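Input: a single structure, listed below in structure tokens.
In this text the structure is predicted, and so the values were computed from the model without any measurement. Computation of the quantities below employed the complete heavy-atom set of this structure, encompassing side-chain atoms and omitting hydrogens, waters and symmetry-equivalent molecules. Lettering follows sequence order; numbering is per chain, from 1.
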Amino acid sequence: MSDFTIGGNRIMARNFDVRHTIESGQPLTFLADCDWPANKFSYVDNGKKVTFKISRQNGTTTLMMARGAPTSLERAAERFRMNERLDDIYKKINTDRFMKDAISKYKGMRLTKNDPWETTVCFILSQYSNIKRIRQNVRSIVENFGTRTIDGSMRFPTSEELRGTTERQLRALGLGFRAKYIRHAAEYCTNNMDLARLGRKEYNLLKDSLMEIDGVGDKVADCIALMGYGRLEAFPIDVWVKRTMERQYFGGRKKKIDDIHEFAYEQWGKNRGYAQQYIFHSSRDRGSRI
DNA sequence: ACCCAGGCGGGCG
DNA sequence: CGCCCGCATGGG
């Protein structure tokens with residue numbers, strides 16, 4: 001069972017809210033552009049710009065892609081994880097009032113599938129930053145060090161390509177102290193680690209491997225596991241998620257990261273990554289706007 | 001002006 | 001271990 005069907009140049013999808021998904025701060029969405037008045041959105045996939053026209057009718061979102069677009073509809077469905085039914089996920093994580101409300105408010109927000117290396121760069125950039133700035137940083141890296149493809153879009157630079165830059169060049173893009181981490185990650189992921197091979201590893205071992213990269217700690221490793229490797233067991237705990245969970249589940253008491261991980265495991269099991277995305281989005285939505 | 005941001009590494013007790 | 005600090009910048 002899946003959440004989509006394909007007919008002609010259209011995808012008909014259940015439980016897909018494009019806007020909430022695009023605004024939820026994932027790697028795909030950092031490289032997305034939206035024209036809400038025209039009901040259009042586009043994103044860059046493997047160096048190719050994909051544009052969709054959106055229409056909605058009785059609970060189904062229909063995406064219409066221009067004919068001859070440089071990617072397949074199957075690929076688009078894969079990137080929005082439409083192969084799994086969100087209602088099944090909801091059933092498993094809908095354990096309490098707060099989650100129920102978050103699901104109902106942001107129904108159709110989907111996790112996305114992203115390239116592990118891109119995801120690594122994006123979330124190293126995320127530390128001690130904010131979504132608006134992360135987006136700028138990611139885009140300037142692509143603009144400055146990516147390669148232009150046939151359709152005029154920019155392809156995200158590989159670790160090997162980024163290894164050819166200097167910390168100074170990266171700093172000039174406004175990455176701040178994160179520049180040295182990006183440089184190191186490019187070096188390490190080219191010479192000492194094959195990100196494509198980590199996909200086989202069990203979740204905890206995958207995380208351990210990712211944390212070998214300088215600048216990747218517990219939280220960033222979980223983000224990479226979740227959005228780069230599609231591991232729904234990953235539960236990234238950032239300041240927003242921590243604060244919100246302390247308030248919603250621990251009576252306002254301060255908790256340690258490990259205790260929150262433990263709670264998430266007990267509460268939401270192997271799908272806790274999806275729960276995290278709803279906590280993150282809802283806490284940011286009512287907090288200080290970006 | 002002031003404070004904080006999808007954290008992390010290192011140093012100290 | 002656990003705690004605390006600096007880190008570069010941009011935006012509210």
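- Residues Trp117(A) and Thr158(A) bring no donor and acceptor atom of their side chains to less than 3.5 Å of each other.
- Residues meeting the side chain to side chain contact (heavy atoms under 4.5 Å, CB included) test with Lys255(A), sequence neighbours left out: Glu246(A), Phe250(A), Asp259(A), Ile260(A).
- Residue Gln136(A) places at least one side-chain N or O closer than 4.0 Å to OP1 or OP2 of dG11(C).
- Under the stacking definition used here (centres under 5.5 Å, planes under 30°), the residue Phe280(A) qualifies as stacked on the base of dG6(B).
- Here dA8(C) presents its P atom at 16 Å from CG of Leu173(A), a figure rounded to the nearest Å.
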Each nucleotide N or O in nucleotides 3-5 of chain C that has a protein N or O under 3.5 Å away: list the pair and distance.
none

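- Spacing between atom CG of Leu125(A) and atom C1' of dC7(C) amounts to 15 Å, rounded to whole angstrom units.
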Return the polar atom pairs (N/O with N/O) between nucleotides 8-13 of chain B and the protein under 3.5 Å, or none.
from	atom 1	to	atom 2	distance (Å)
dC8(B)	OP1	Gly217(A)	N	2.9
dC8(B)	OP1	Gly217(A)	O	3.3
dC8(B)	OP1	Lys219(A)	N	3.4
dC8(B)	OP1	Val220(A)	N	2.9
dC8(B)	O4'	Gln127(A)	OE1	3.2
dG9(B)	OP1	Gly215(A)	N	3.2

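- Here dG6(B) presents its P atom at 16 Å from CD1 of Ile279(A), a figure rounded to the nearest Å.
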Name the atoms and distances for all side-chain donor-acceptor pairs under 3.5 Å in residues 59-71 of chain A, with sequence neighbours left out.
from	atom 1	to	atom 2	distance (Å)
Thr61(A)	OG1	Phe16(A)	O	2.6
Thr61(A)	OG1	Arg56(A)	NE	3.3

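- When the side-chain nitrogen and oxygen atoms of Arg168(A) are compared with OP1 and OP2 of dA8(C), none of them lie within a distance under 4.0 Å.
- Screening residues 138-154 of chain A for salt bridge (charged side-chain N to carboxylate O under 4.0 Å, His left out), with sequence neighbours left out, gives Asp33(A)-Arg139(A).
- The same atom, P, is picked in dA1(B) and in dA8(C); the two are 23 Å apart, to the nearest Å.
- Whole-Å rounding puts the Asn130(A) CG to dG11(C) P distance at 8 Å.
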Side chains of residues 107-114 of chain A: which donor-acceptor pairs under 3.5 Å do they make with residues two or more places apart or in other chains?
from	atom 1	to	atom 2	distance (Å)
Lys107(A)	NZ	Asn15(A)	OD1	2.4
Arg110(A)	NE	Phe80(A)	O	2.8
Arg110(A)	NH1	Asp3(A)	OD2	3.1
Arg110(A)	NH1	Arg14(A)	O	3.3
Arg110(A)	NH1	Asn15(A)	O	2.7
Arg110(A)	NH2	Asp3(A)	OD2	3.2
Arg110(A)	NH2	Arg81(A)	O	2.9
Arg110(A)	NH2	Glu84(A)	O	3.0
Thr112(A)	OG1	Gln26(A)	OE1	2.8
Thr112(A)	OG1	Asn114(A)	ND2	2.9
Lys113(A)	NZ	Glu78(A)	OE2	3.1
Asn114(A)	OD1	Leu28(A)	N	2.9
Asn114(A)	OD1	Arg79(A)	NH2	2.9
Asn114(A)	ND2	Thr112(A)	O	3.3
Asn114(A)	ND2	Met227(A)	O	3.1

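- Remark: Lys242(A) is not in phosphate contact with dG7(B), judged by side-chain N or O atoms under 4.0 Å from OP1 or OP2.
- Of the candidate nucleotides dG12(C), dG6(B), dC7(C), dG12(C) has the atom lying nearest to any side-chain atom of Lys132(A).
- Of the options Tyr274(A), Phe98(A), Tyr249(A), a ring pair (Phe, Tyr, Trp, His ring centres under 6.0 Å) to Trp268(A) is made by Tyr249(A) and by none of the others.
- A straight line from CD1 of Ile131(A) to C1' of dG11(C) spans 14 Å, rounded to a whole angstrom.
- Nucleic acid contact class of Thr244(A) (heavy atoms, under 4.0 Å, all strands): none.
- In the set dG7(B), dT9(C), dA5(B), dT9(C) carries the atom at the smallest distance from any side-chain atom of Arg133(A).
- Backbone-only contact: Arg171(A) has heavy atoms under 4.0 Å from sugar-phosphate atoms and none from a base.
- Only the P atoms considered, dC5(C) is 14 Å distant from dC4(B), to the nearest whole Å.
- Comparing the same atom, C1', in dC3(C) and in dG6(B) gives a spacing of 22 Å after rounding to whole Å.
- Protein atom CZ of Arg243(A) is 11 Å distant from nucleotide atom C1' of dG6(B), rounded to whole Å.
- Counting only N and O atoms by type, the side chains of Tyr203(A) and Asp208(A) include no donor and acceptor under 3.5 Å apart.
- Under the rule for a salt bridge (charged side-chain N to carboxylate O under 4.0 Å, His left out), Glu161(A) has no partner lying at least two apart in sequence or in another chain.
- Remark: Ala221(A) pairs with Lys207(A), Leu210(A), Met211(A), Val216(A) by the side chain to side chain contact (heavy atoms under 4.5 Å, CB included) rule, at least two apart or across chains.
- Take Asp96(A) and apply the salt bridge (charged side-chain N to carboxylate O under 4.0 Å, His left out) test, not counting sequence neighbours, and it matches no residue.
- Under a 4.5 Å side-chain heavy-atom criterion applied to ILVMFWY residues, the cluster that includes Met12(A) comprises that residue alone.
- No engagement by Arg135(A) is indicated, since no non-hydrogen atom pair under 4.0 Å with the nucleic acid exists.
- In this entry the distance linking CG of Asn137(A) with P of dG6(B) reads 12 Å, nearest Å.
- Distance Lys180(A) NZ to dC7(C) P: 10 Å, rounded to the nearest Å.
- At a threshold of 4.0 Å, the pair Asp101(A)-Arg97(A) counts as salt-bridged, since one of the basic side-chain nitrogens sits closer than that to a carboxylate oxygen.
- In DNA chain B, stems built from 3 or more consecutive Watson-Crick or G-U wobble pairs, each with both distances under 3.5 Å, span B:2-5 with C:9-12, B:7-13 with C:1-7.
- Remark: Arg168(A) engages no residue in a salt bridge (charged side-chain N to carboxylate O under 4.0 Å, His left out) (not counting sequence neighbours).
- With its ring centre under 5.5 Å from that of the base six-membered ring and a plane angle below 30°, Tyr128(A) counts as stacked on dG7(B).
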